[in-house]
Number of protein chains: 4
Amino acid sequence: MATILIKNGTVLTASDRYEADVYVEDGRIAAIGRALPLPAAEVIDAAGKLVMPGGIDVHTHLDMPFGGTVSADDFHTGHVAAACGGTTSHIDFAIQTPGKGLYHAFDEWRAKAEGKAVIDYGFHMIVRDLNPEVYAEITRLATHDGITSFKLFMAYRGVLMVDDGTIFRVMQQAREAGGIICMHAENGDAIDALIAQARARAEFAPKYHARTRPPQCEGEATGRALALAAVAGVPIYIVHVTCEDAIAQIRQARDRGQAAYGETCTQYFFCSEADYERPGFEGAKYVMSPPLRAAWHQERLWHAVRANDLQAVSTDHCPFGFEQPPQKQLGRDDFSKIPNGAPGIEDRLLMLWDGGVNTGRISANRFVELVATNPARLFGLWPAKGTVAIGADADLLVWDPAKQHTISATTHHMNVDYNLYEGRTVTGAPVVVLSRGEVIARDGQFVGRKGRGQFLRRRPGVPDLA
Amino acid sequence: MATILIKNGTVLTASDRYEADVYVEDGRIAAIGRALPLPAAEVIDAAGKLVMPGGIDVHTHLDMPFGGTVSADDFHTGHVAAACGGTTSHIDFAIQTPGKGLYHAFDEWRAKAEGKAVIDYGFHMIVRDLNPEVYAEITRLATHDGITSFKLFMAYRGVLMVDDGTIFRVMQQAREAGGIICMHAENGDAIDALIAQARARAEFAPKYHARTRPPQCEGEATGRALALAAVAGVPIYIVHVTCEDAIAQIRQARDRGQAAYGETCTQYFFCSEADYERPGFEGAKYVMSPPLRAAWHQERLWHAVRANDLQAVSTDHCPFGFEQPPQKQLGRDDFSKIPNGAPGIEDRLLMLWDGGVNTGRISANRFVELVATNPARLFGLWPAKGTVAIGADADLLVWDPAKQHTISATTHHMNVDYNLYEGRTVTGAPVVVLSRGEVIARDGQFVGRKGRGQFLRRRPGVPDLA
Amino acid sequence: MATILIKNGTVLTASDRYEADVYVEDGRIAAIGRALPLPAAEVIDAAGKLVMPGGIDVHTHLDMPFGGTVSADDFHTGHVAAACGGTTSHIDFAIQTPGKGLYHAFDEWRAKAEGKAVIDYGFHMIVRDLNPEVYAEITRLATHDGITSFKLFMAYRGVLMVDDGTIFRVMQQAREAGGIICMHAENGDAIDALIAQARARAEFAPKYHARTRPPQCEGEATGRALALAAVAGVPIYIVHVTCEDAIAQIRQARDRGQAAYGETCTQYFFCSEADYERPGFEGAKYVMSPPLRAAWHQERLWHAVRANDLQAVSTDHCPFGFEQPPQKQLGRDDFSKIPNGAPGIEDRLLMLWDGGVNTGRISANRFVELVATNPARLFGLWPAKGTVAIGADADLLVWDPAKQHTISATTHHMNVDYNLYEGRTVTGAPVVVLSRGEVIARDGQFVGRKGRGQFLRRRPGVPDLA
Amino acid sequence: MATILIKNGTVLTASDRYEADVYVEDGRIAAIGRALPLPAAEVIDAAGKLVMPGGIDVHTHLDMPFGGTVSADDFHTGHVAAACGGTTSHIDFAIQTPGKGLYHAFDEWRAKAEGKAVIDYGFHMIVRDLNPEVYAEITRLATHDGITSFKLFMAYRGVLMVDDGTIFRVMQQAREAGGIICMHAENGDAIDALIAQARARAEFAPKYHARTRPPQCEGEATGRALALAAVAGVPIYIVHVTCEDAIAQIRQARDRGQAAYGETCTQYFFCSEADYERPGFEGAKYVMSPPLRAAWHQERLWHAVRANDLQAVSTDHCPFGFEQPPQKQLGRDDFSKIPNGAPGIEDRLLMLWDGGVNTGRISANRFVELVATNPARLFGLWPAKGTVAIGADADLLVWDPAKQHTISATTHHMNVDYNLYEGRTVTGAPVVVLSRGEVIARDGQFVGRKGRGQFLRRRPGVPDLA
């Protein structure tokens, strides 16, 4: 029986903070107490450190085909990076192939992960083609296979976008199944028109990526998604919220009493549309959708995560090499061909602690809630994941709030040749990372075992967040 | 030189009210004054009466094909009814045939009106198919042919509905042309799903018409239309607003400073979803889209027209016989086959004066603004129409605020066998109706000449309402 | 019988604009028409010019004692300046002496005006001491003596401020009398604390005037006044609104359906708190209450007058000499001793036309509504004043939209040695100003007769603005 | 060393729920774990039960003089009742005597509690007279004596009400001291006018209590308090929020990013103004301030506690005998003489669990947050109180979610002859109540020791709730 005792630390959860030892048995938290008189195979000294739940990143794209290339991290490199940054679970996306069923996609994506995974992983299912068998598959996935969340796109016509009728019917089916909807909310048709017009004017530089995806298009689609979900009666989670336009829609829906939730991603707090104006083709590193916004939206995002207008922070990790390999270069002559996405799975906790907790913008409890507890509650992982509680998986971070670390592509573990936060020195980092009671990272280096990660069979049902 | 002197009346405009004679020369108002010493061919005594501009109904469907039948009033019967009710101008809709150009529709609809028209008429152009030549036609219609408004549908997929890309591109083109967008704002795809589901449950009665078109679908589409218009930079006018959900969207857009406008229609003040529960198939008389709403929305509509959240009141006049001919009976076994629409072109001023001015809900000045001045200003008819001012067309009502009139299908002039307000006695009615200086109705009876109505060549440009 | 014919002009009202001659008989407008065949004693050629109603300034303080001195314009100099700037009526304030009745104040203020007045004038009554006889006086003033508006102060404890109980009881009484409440809305107690604290820190410069009167104190008091008025059921008019905090409160009250109105003053559009930082003691020229705000509020004010969140623009004209005489110098060593107020009665129309109409921020119709029609409607002067209509007083401006004029203290007619807009060249100015059919100013120079101005006996009743 | 082991229960905190034993040593929680191998002096079997933190009631009035009488529970009877109902800490109010210092009140109130207290108790300090020494006392109380919250009244002129200047200065001082403001927010002056007018009309029945304290007066004062707190920069907590008017103000303040909080009380969820119409003088039992509201506000309150617009639920426990003794009878002939207040300290958890958790309106976690965790966090008691965590005081409830209990004055422990919820059977009740590791109630009966309760020395500082 494997036992670990994490001694002398300060336990931090979404609502508590107290000094205690944490005792782990068979991968789960078995006891918490002051000076626990329990013998353990391994003792970790956490004096002066915090003991908190491992991060859960509910928005990532590992090994994902996009625009003729594939995102640069697979389920091994991505997991190693996640682990080093303190993330011990994530939910990726399985993408339906039009004409095929959802289980086909499920199989495809499990195959990508198996044998490579290091941390635990689940999948949201992206529905692209509501052919007749899909209805029953939604129900079966949610109730039997632990895939309880279904993602839809309101943008990228011809690729991922579905029409409002499909959206509405998937919502209804998900509601019956106890599922939740994830929505990429941008008005794709208006954006496509703006892109075509920009290209016709020979506006090809990266900055036109942002100009052709205005915040109103995100706000509009957010409002539409929320209205359709209200009629369908299904819980909804708006992914990668970037701007006040969308926040306002979610706030209003919540004020109406709707089960409406939203996340933002690390980069939207720290980067802005000014980054698209970087010299040369550097702006391409920041090309993602929705795009970075005018800087004033950042304070609105901080307010939103503080005021519970948004409930979670994820990464939308989807890296493409800038030069090695030259994936971003595909759009050298045309911003619309730049693969959309940026790396971040490793940096989320570091950046949010440094930029949020150290600055007083959010409390340490809220930090835990945003990066771990709420993600777990929203997506059927709680209470096994996302907290420090008896019986929960020992997915734990020993976090040193005084440790300094300089973020850089030269030292990060993500399989990509740049970092959005290059050169930024942050204070606060995980010094030991446990996944189900196994130490998988120590002092920022991976010490785990390839293939140990497990598929997360999630629980359906309405999230019990307010 | 034809001259008329309207003596001893009280002139009522959007902002004024004063005792004066009104002198008309060659169809236009030439002088206004106290005891005007001007000789006239005809003298009308307006003592104890109001002299106000003729009504302008900017939302009607005469002689319109719908669901295998045609609306029951043509440009003659509809005009006679309008004239008797105090409406001297209207704007109908020319409907593009897919695959053909907009001028084809223009020609078609002018042909429907020519030789029959009694009052003056214009057309909004309904765009269904944005084929390449349509862009230039939009500009030409607006700048050369007096068709300055372009209507789009967000509902009725397969018939009238266009996608958001088409909407956005038409908006952009209209903006260049100095045009304005009219929007039917309901989320058609969600509604189609709800209808299909209701039918699958054998829910065929008229009341399911309302239940399958919930207010959220109208609110959503209104918000979407406003957001797209904001990005395109075009003025927008939301037609037939029925509910607080949509009003709130318009109010917010106006609070943001957008050129956003909206109308409601007479029936939404006075009828409610309870009317769908009338015995037998009576509910079919009230089937229109958007449907009648829960009664509490009525007070919100009154507030909205008072607070300038909505700027105009129209009718969406689109009558179908209940039994003679049995047009509404097409949906006897299935609400989704009931032709959508109801009569109203004759009743608008009567009902709004009685239910609005007499009750103190709106001022008499605001009445004029809602039924005449704002419609004229919004759609490029002002200052020739919509006011009592020197040089304006002598489209004038001598309105007796004390006259009582009982509305009934047995006496109305609309070519349809029922009336939404059957049996209601109203106080206040036009006793003389002039169009360009010709008396066309007197004491509620038509005295004009078939074919005298003229096509209204409207002026492009941003409406100068706030 | 005195007759005037204003020929060839373009008449401009709150809702109309048309070419016509205007015929005046015995001080009133008797006829309006194209090429009126009426003989007149005097003919004024208005070709290329606008003919609009004279301005009505409903917020002025002539000959007012304040802080040991008296405002620099009396009812003669102030009226001459007003006339030259196109203002033909105003409403000043009679101030109750504590311990005495309201009629005492009424007599006092009529005495100030009699024999000096040039334009027509009314009084709002400032209630400071709700002694028992005041209740009946409120009713008598409103119903018999044409004083229908009652002003209360929520600031200046010990001088003008009254407590909420007094406010509420005056509101109730005014409601019974058909009156309207004018409110100076700032939280005086909080401001007094901030002033005392600033002085204790030796912060004596003019800029501390603004810092000790933060926008929240105006927003709060505005909300409070509106809530009390809602309970009392009385119409309310918030004077000198300066900031979004207060606008938002009025908008919300109007959205609730309340009879709530507000004005801003010319200077709040064009000056900002930056003016307090002018070199030397120059900032004192801008000391008024509420103070000038951060510049971003200006665009919110423009939006508010456009969107009808505010209904009128006045001046709060209350001039004190900067050096000649050195009235402002009373506060040289202590901002809290600077007499509050600034000149403006002459500049309102000039500035608002140039900064509002010429820039496209407001329409010409809305200009007339803000400076004349709405003031008349709100305060019981309409339809005798505030419009160009048959039977209305011939208070008319012949306005040359092309005329250029440079504003300066060296040329203005106000009895004060500085001008807030010194050196600004505006386009658009009155070339002839008529009051009740008499020309009182021509080309910016006064040509009227001292003592001709009449007391305005106003009509009680709820304003019929929405 | 006293040790207790609570075995086999399910621990419930604001964010967690898990099966575990809880081990208590010397009055504090020392360990939590699955099958803890720790010997204990006492073992409590909690199988099938929840183990949650004891309730904290931050709004009570024990032994309080009011209107010539004294509230019916003292610190013994009130504490016994609290304990039986699952409340293990409360914060009462010490009331400054005008002309005397705050420490005088502190001494007075400690004397009331000493020797009687059973549960732990703190005091908010009610400031009535800001005499010069009070400033320093505020700071000393907050920083040395654990009185960190200062309550002010905006109503009850001549008794408790203070003016806005006093409010603002106390806020500023509290801010310096790391304190928080508690506000009774009703516009006292308007209410006093309404009461006087009702009495003048001989409206003396209990229902006039509600009619003379309209919701707008609460909404207004709430907005005012929030604005003043925003300027002063102090955290503020609005007590006993009853209506949407006040909720909306708090929501807006929080949306602006302000440290603004609010509570409602049990009775506002379950009783309404209809209770004032009960036969005879029964309505007097429900006379409290603010009064019960129209029933529709109840759903808004549920929404507010769910959406975190309100953060806590308290009782405002302030009982007066209906007939035995006849305290409420003091107002038999005049509602304004009815002592304000009602009993509730014993019923809060029972009612909120049954009406909130059992109905699905709030989650069990949110229940804990509202009745214990947030109160502790807001008022400087956390983490010693308000949670189940290592090191925290063993203030614990063993809660049986299946236990049924009928609330009645015949069985309750409060020293008053009626109960607001008479006859209501609730499901869910505490079966064992521990305070600092001592069992003080069992199966709804008190088993503790008089005098054991301790004064709570609270910690200053901004609450770390969002």
Side-chain angles (χ1 to χ4, degrees), chain A residues 130 135 154-155 157-158 161-173 176 185-197 200 211-234 243-246 248-249 251-253 255-256 258, chain B residues 130 135 154-155 157-158 161-173 176 185-197 200 211-234 243-246 248-249 251-253 255-256 258:
Chain A
L130 188 54
Y135 293 92
M154 302 170 89
R157 183 177 283 275
M161 180 168 159
V162 286
D163 65 25
D164 290 356
T166 299
I167 290 171
F168 183 65
R169 288 170 189 270
V170 171
M171 284 176 166
Q172 291 180 311
Q173 192 69 22
E176 291 309 305
E186 286 188 298
N187 190 302
D189 278 355
I191 286 168
D192 286 351
L194 290 168
I195 291 172
Q197 292 161 2
R211 297 197 189 167
T212 54
R213 305 185 91 91
Q216 292 98 324
C217 286
E218 184 183 338
E220 180 284 307
T222 301
R224 178 158 36 118
L226 293 165
L228 294 172
V231 177
V234 74
C243 58
E244 176 60 18
D245 309 63
Q249 296 286 347
R251 181 168 49 231
Q252 288 182 22
D255 284 348
R256 289 192 300 264
Q258 192 176 339
Chain B
L130 187 53
Y135 293 91
M154 302 169 90
R157 182 176 284 276
M161 180 169 159
V162 286
D163 64 25
D164 290 356
T166 299
I167 290 172
F168 183 66
R169 287 169 189 271
V170 172
M171 285 176 166
Q172 290 180 312
Q173 191 70 21
E176 292 308 307
E186 287 189 297
N187 189 302
D189 279 354
I191 287 167
D192 286 350
L194 290 168
I195 290 172
Q197 292 161 2
R211 298 198 188 164
T212 54
R213 306 184 91 91
Q216 293 98 325
C217 287
E218 184 183 338
E220 179 284 308
T222 300
R224 179 157 35 117
L226 293 165
L228 294 172
V231 177
V234 73
C243 58
E244 176 62 17
D245 309 64
Q249 296 286 347
R251 181 168 50 231
Q252 288 181 24
D255 284 349
R256 288 191 301 263
Q258 193 175 338

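The sequence lines fix the lettering, A, B, ..., with proteins before strands; numbering per chain opens at 1. Excluded from the calculations below are hydrogen atoms, water molecules and symmetry mates; all remaining heavy atoms, backbone and side chain alike, are included.
Only the side chain of B:R169 comes within contact range of chain A, judged by heavy atoms closer than 4.5 Å. Using a 4.5 Å cut-off between heavy atoms, B:E218 does not touch chain A at all. With a 4.5 angstrom heavy-atom cutoff, B:A196 touches chain A only via side-chain atoms.
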For B:R256 and A:Q216, what are the C-alpha separation, side-chain angles and deciding distance, and is it a side chain to side chain contact (heavy atoms under 4.5 Å, CB included)?
-> CA-CA 12 Å; B:R256 288 191 301 263; A:Q216 292 98 324; over 6 Å; no

Determine, stepwise, if the pair A:L226 / B:E220 fulfils side chain to side chain contact (heavy atoms under 4.5 Å, CB included).
-> CA-CA 9 Å; A:L226 293 165; B:E220 179 284 308; over 6 Å; no

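Chosen from A:I167, A:D245, A:L228, the residue pairing most often with chain B at heavy-atom distances under 4.5 Å is A:L228. Listed options A:A227, A:G188, A:A190, A:P214 were ranked by heavy-atom pairs under 4.5 angstrom with chain B; first place goes to A:A190. The greatest number of non-hydrogen atom pairs below 4.5 Å with chain A, out of B:M171, B:Q197, B:R157, is found for B:Q197.
We find the CG-CE distance between B:D164 and A:M161 to be 6.5 Å, quoted to the nearest 0.5 Å.
In terms of heavy atoms, B:D189 sits closest to A:G165 at CB-N, 3.1 Å. Across every non-hydrogen atom of B:A193 and A:F168, the tightest pair is CB-CD2, 3.6 Å.
With contacts defined as side-chain heavy-atom distances shorter than 4.5 Å, the pair A:L194/B:V231 qualifies. At a threshold of 4.5 Å between non-hydrogen side-chain atoms, the residues A:N187 and B:R224 count as touching.
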